[in-house]
Amino acid sequence: MNIESIVKTKLIDAIKSNYAQDVELKQIQLQKTRREIEGDITVVVFPFLRLSRKSPEQTANDLGEYLQENIEEIESFNVIKGFLNLVIAKSYWISLLNNILKDSSYGYNSNNPDAKTIMVEYSSPNTNKPLHLGHIRNNLLGYSVSRLLEANGHKVLKVNLVNDRGIHICKSMIAWERFGEGKTPESTNTKGDHFVGDYYVRFDKEYKKEVAELIKGGLSEEEAKKESPLLKAAQEMLRKWEAGDEAVVALWKKMNSWVLAGFDVTYKQMGVSFDKIYFESETYKKGKKIVLKGLEDGVLYQKETGSVWADLEGDGLDHKLLLRDDGTSVYMTQDIGTAYERFEEFKLDKQIYVVGNEQNYHFQVLSLVCKKLGFDWAEKINHLSYGMVELPNGKMKSREGTVVDADDLMSEMINTARETSKELGKLDGYSTEEAEKVFETVALGALKYFILKVDPKKNMMFNPQESIDFNGNTGPFIQYTYARIQSILRKAKDNGVDIKDVNTEVSLDEKESYLLKMLSEFPQVVSQAGKEYSPAMVANYIYDLAKEFNGFYHDFPILIEKNEEILNFRIQISKLVGTVIKNGMAIMGISVPERM
RNA sequence: GGUCUAGUAGCUCAGUUGGAUUAGAGCAACGGCCUUCUAAGCCGUAGGUCCCAGGUUCGAGCCCUGGCUAGAUCACCA
């Protein structure tokens with residue numbers, strides 16, 4: 001039992017003993033004592049005044065005396081403005097340190113009694129163009145939340161639902177057929193997703209030309225957009241694809257394989273992965289049976305023209321189409337079908353969709369319709385809704401050329417990291433290969449941290465003009481702190497320092513015990529972040545820890561310390577900071593270098 | 001128009017289920033610190049009507065109501 005729980009239970013006793021009143025565990029508020037005040041844990045006594053019928057000061061004193069008498073670890077207490085500050089014995093913190101030092105996966109809850117099986121769907125790209133910054137946020141979040149849930153002891157299935165069918169890919173196909181001259185990614189030495197994306201852009205260009213011509217010929221803009229022969233060709237191609245036309249399917253397979261090969265490279269660079277990949281071409285018809293069953297059961301209704309709908313007015317929403325007049329499925333129908341299959345196949349306790357907040361409505365409806373259809377898993381569907389990445393001049397628009405390409409961004413970051421590192425010249429002695437590995441680690445650390453430190457729910461701003469920082473509240477700052485620590489540990493080893501358990505009587509400076517307290521909070525941070533699906537909480541904690549460590553590092557000699565007990569303590573606490581940084585960064589999918 | 005989300009320093013962001021009349025970081029600006037363990041670091045100065053107005057209570061950046069501003073969404077598209 002940790003010290004907070006002990007204080008809470010004893011506090012209940014204290015109130016009973018002093019005032020003959022009962023309080024529930026939930027009513028007790030503990031908080032960290034503010035740094036400039038002596039103490040470790042603070043009890044907020046205001047809620048108890050009704051029970052004590054005494055002044056805040058008197059109440060705090062009563063409770064403080066009881067707690068000090070009944071809890072061994074409490075050394076003393078003080079009362080300021082009605083806040084009861086408890087001072088925990090240093091030896092408590094040090095033995096805590098000794099315990100967690102033995103645990104290399106400190107912070108991770110490996111035997112969670114509430115472990116669940118959770119599927120996280122993320123990435124879900126369209127196969128007509130390369131990934132951009134918006135996808136980066138999605139991928140990093142999805143991967144990181146998966147790691148976070150694993151850190152909380154859950155079994156996680158990471159899946160990707162690739163949208164490989166539809167009018168968009170047909171547009172690229174038509175453009176390639178017409179203007180491609182038989183070129184391939186190999187023949188042009190282009191990454192497959194970029195190659196296909198170029199034809200998607202080409203389609204749009206030619207399409208606009210056609211529309212302009214048609215308008216000149218006397219059509220309205222609206223008519224022209226519908227009458228464009230190129231668009232009609234794409235629509236015809238989609239029909240052929242759905243009919244299984246061999247030539248079309250072959251072309252479709254070829255172009256998709258180019259794109260997917262390109263995505264694999266990007267995913268690998270980003271460091272994300274999946275346990276299973278679904279393709280919409282295989283799932284897009286799913287859900288129809290379920291919907292028809294729902295119609296039979298009377299929870300859905302059919303219009304005269306044949307289409308099937310869900311009436312959600314009772315939930316304050318509109319009517320939602322589930323099957324078209326011709327009986328084909330829509331997006332929603334497919335999602336119902338795949339969700340059903342996933343819950344059946346994997347016995348999921350939870351399904352999380354990492355999808356932008358522009359689809360909030362969709363997921364609200366999905367959950368409601370599933371509930372209407374009588375599925376008990378309807379409420380196990382979670383939409384991890386994240387905000388848009390905005391540029392200074394607004395949203396990214398691929399047609400206006402304002403997208404920040406994922407591959408470009410990553411390679412630019414690596415270049416910057418390389419330049420910076422060479423300027424600082426700290427990798428002397430590393431082979432080119434080793435050094436390149438570090439540049440990549442740092443570059444991706446900067447990018448990932450930049451994205452993940454922001455609360456997922458919020459929109460975030462990215463300014464391509466000001467490249468992502470490597471100083472201050474950044475990934476490299478944290479990585480640097482880690483590298484410093486590793487340097488100390490290497491030297492300690494070289495010096496033959498004998499590292500052992502810390503003597504519980506060793507005297508600590510304020511900064512040292514503050515660091516210790518911070519370290520003890522790590523598991524709670526991971527747990528809280530897991531509940532809220534927020535890697536940002538981990539990011540902010542790790543940053544604060546690194547910042548605090550750097551202050552300590554600056555003020556206190558470690559290896560030069562003469563007193564062996566203190567030397568030992570400082571090495572040990574440094575080591576633990578390193579472990580926590582490493583474990584915390586791993587949750588964000590960020591690796592840490594031994595040197596930088 | 002309906003629904004949802006956000007608004008904290010010049011800029012980018014923190015601020016755990018309401019808690020200490022000193023609301024925090026980083027960047028940018030200015031000033032210090034490398035003959036001592038990695039200066040991608042540390043310390044300091046300056047910078048705020050927490051969008052506005054009410055309300056709830058011992059106590060509000062956080063909760064409620066109304067307004068302002070910005071964004072998203074409301075297809076037989078995906």
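In what follows, chains are A, B, ... by sequence order, proteins preceding strands, each numbered from 1.
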Under a 3.5 Å cut-off for both distances, is [N] Watson-Crick or wobble paired, and to whom?
| N | value |
| --- | --- |
| A46(B) | none |
| A14(B) | none |
| U3(B) | A72(B) |

Using the ring of [Y] (Phe, Tyr or Trp, six-membered ring only), decide whether [X] places NZ or CZ under 6.0 Å from its centre and within 45 degrees of its axis.
| X | Y | result |
| --- | --- | --- |
| Arg53(A) | Tyr19(A) | no |
| Lys303(A) | Trp309(A) | yes |
| Arg137(A) | Tyr386(A) | no |

Across the strands shown, which category fits [X] at heavy-atom distances under 4.0 angstrom: base, sugar-phosphate, nothing?
| X | answer |
| --- | --- |
| Glu594(A) | base |
| Pro593(A) | nothing |
| Thr474(A) | nothing |
| Asp428(A) | nothing |
| Glu532(A) | nothing |
| Thr42(A) | base |
| Phe556(A) | base |

Exercise for review: Could you tell me whether the side chain of Arg165(A) and the main chain of Cys170(A) form a donor-acceptor pair under 3.5 Å?
Suggested key: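 Pair absent, no side-chain N/O of Arg165(A) close to backbone of Cys170(A).
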**Study point:** Check: Ile566(A) main-chain N/O paired with Asn563(A) side-chain donor or acceptor under 3.5 Å
**Key:**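 A pair under 3.5 Å: yes.
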Quick one: is [X] getting a side-chain N or O under 4.0 Å of the [N] phosphate, OP1 or OP2?
| X | N | result |
| --- | --- | --- |
| Arg324(A) | A78(B) | yes |
| Ser487(A) | C37(B) | no |
| Lys81(A) | G19(B) | no |
| Arg34(A) | G19(B) | no |

Might you list the N or O atoms of the protein lying below 3.5 Å from N or O atoms in nucleotides 2-4 of chain B, with each pair's distance?
none

For [X] and [N], give me the distance from atom [atom1] to atom [atom2], rounded to whole Å.
| X | N | atom1 | atom2 | result |
| --- | --- | --- | --- | --- |
| Glu38(A) | A20(B) | CD | P | 19 Å |
| Lys320(A) | U73(B) | NZ | C1' | 11 Å |
| Asn357(A) | U5(B) | CG | C1' | 7 Å |
| Asp335(A) | C77(B) | CG | P | 16 Å |
| Asp325(A) | A75(B) | CG | C1' | 14 Å |

Considering only [options], which nucleotide approaches the side chain of [X] most closely?
| X | options | answer |
| --- | --- | --- |
| Arg484(A) | C37(B), G41(B), A78(B) | G41(B) |
| Tyr331(A) | C42(B), A20(B), A78(B) | A78(B) |
| Arg490(A) | A78(B), U38(B), C37(B) | U38(B) |
| Asn163(A) | U38(B), A78(B), U36(B) | A78(B) |
| Asp469(A) | U38(B), C27(B), C74(B) | C27(B) |

Exercise for review: Decide yes or no for Glu423(A) and Thr420(A): does some side-chain heavy atom of the first lie under 4.5 Å from some side-chain heavy atom of the second?
Suggested key: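 Of all side-chain heavy-atom pairs linking Thr420(A) with Glu423(A), none is under 4.5 Å.
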Point to revise | Heavy atoms from other residues, nucleotides or ligands near NZ of Lys582(A) exceed 12 (cutoff 6.0 Å) | key: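 At most 12 heavy atoms, drawn from other residues, nucleotides or ligands, come within 6.0 Å of this atom.
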Exercise for review: Report, as a single string ordered 5' to 3', how protein heavy atoms within less than 4.0 Å touch nucleotides 6-15 of chain B: B base, S sugar-phosphate only, - not at all.
Suggested key: -S----SSS-
Exercise for review: Check whether the side chain of Thr305(A) and the base of C76(B) form a donor-acceptor pair under 3.5 Å.
Suggested key: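 When only heavy-atom distances are counted, Thr305(A) does reach the base of C76(B) through a donor-acceptor pair under 3.5 Å.
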Check your understanding: If you take atom types as modelled and just measure distance, does the side chain of Asn471(A) reach the base of A28(B) with a donor-acceptor pair under 3.5 Å?
Key ->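 Check fails, no donor-acceptor contact within cut-off.
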Point to revise | Stacking check Phe83(A) vs A20(B) (5.5 Å / 30 deg) | key: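 Yes, aromatic ring over the base.
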Review point. Would you say Phe46(A) stacks on G19(B), if stacking means ring centres under 5.5 Å apart and planes within less than 30 degrees?
Key: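 Base of G19(B): stacked against Phe46(A).
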Practice item. For salt bridge (Lys or Arg N to Asp or Glu O under 4.0 Å), just list the numbers for Arg570(A) and Glu512(A), CA-CA rounded to whole Å, side-chain angles, deciding distance to a tenth of an Å, and then say yes or no. Key: CA-CA 8 Å; Arg570(A) 289 185 182 159; Glu512(A) 293 171 321; 2.7 Å; yes
Review point. What do you reckon, are the aromatic ring centroids of Tyr331(A) and Tyr284(A) less than 6.0 Å apart?
Key: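 No - the distance between ring centres of Tyr331(A) and Tyr284(A) does not fall below the 6.0 Å cut-off.
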Exercise for review: Examine Phe552(A) together with Phe549(A) and report whether their ring centres are nearer than 6.0 Å.
Suggested key: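 Ring centres of Phe549(A) and Phe552(A) closer than 6.0 Å.
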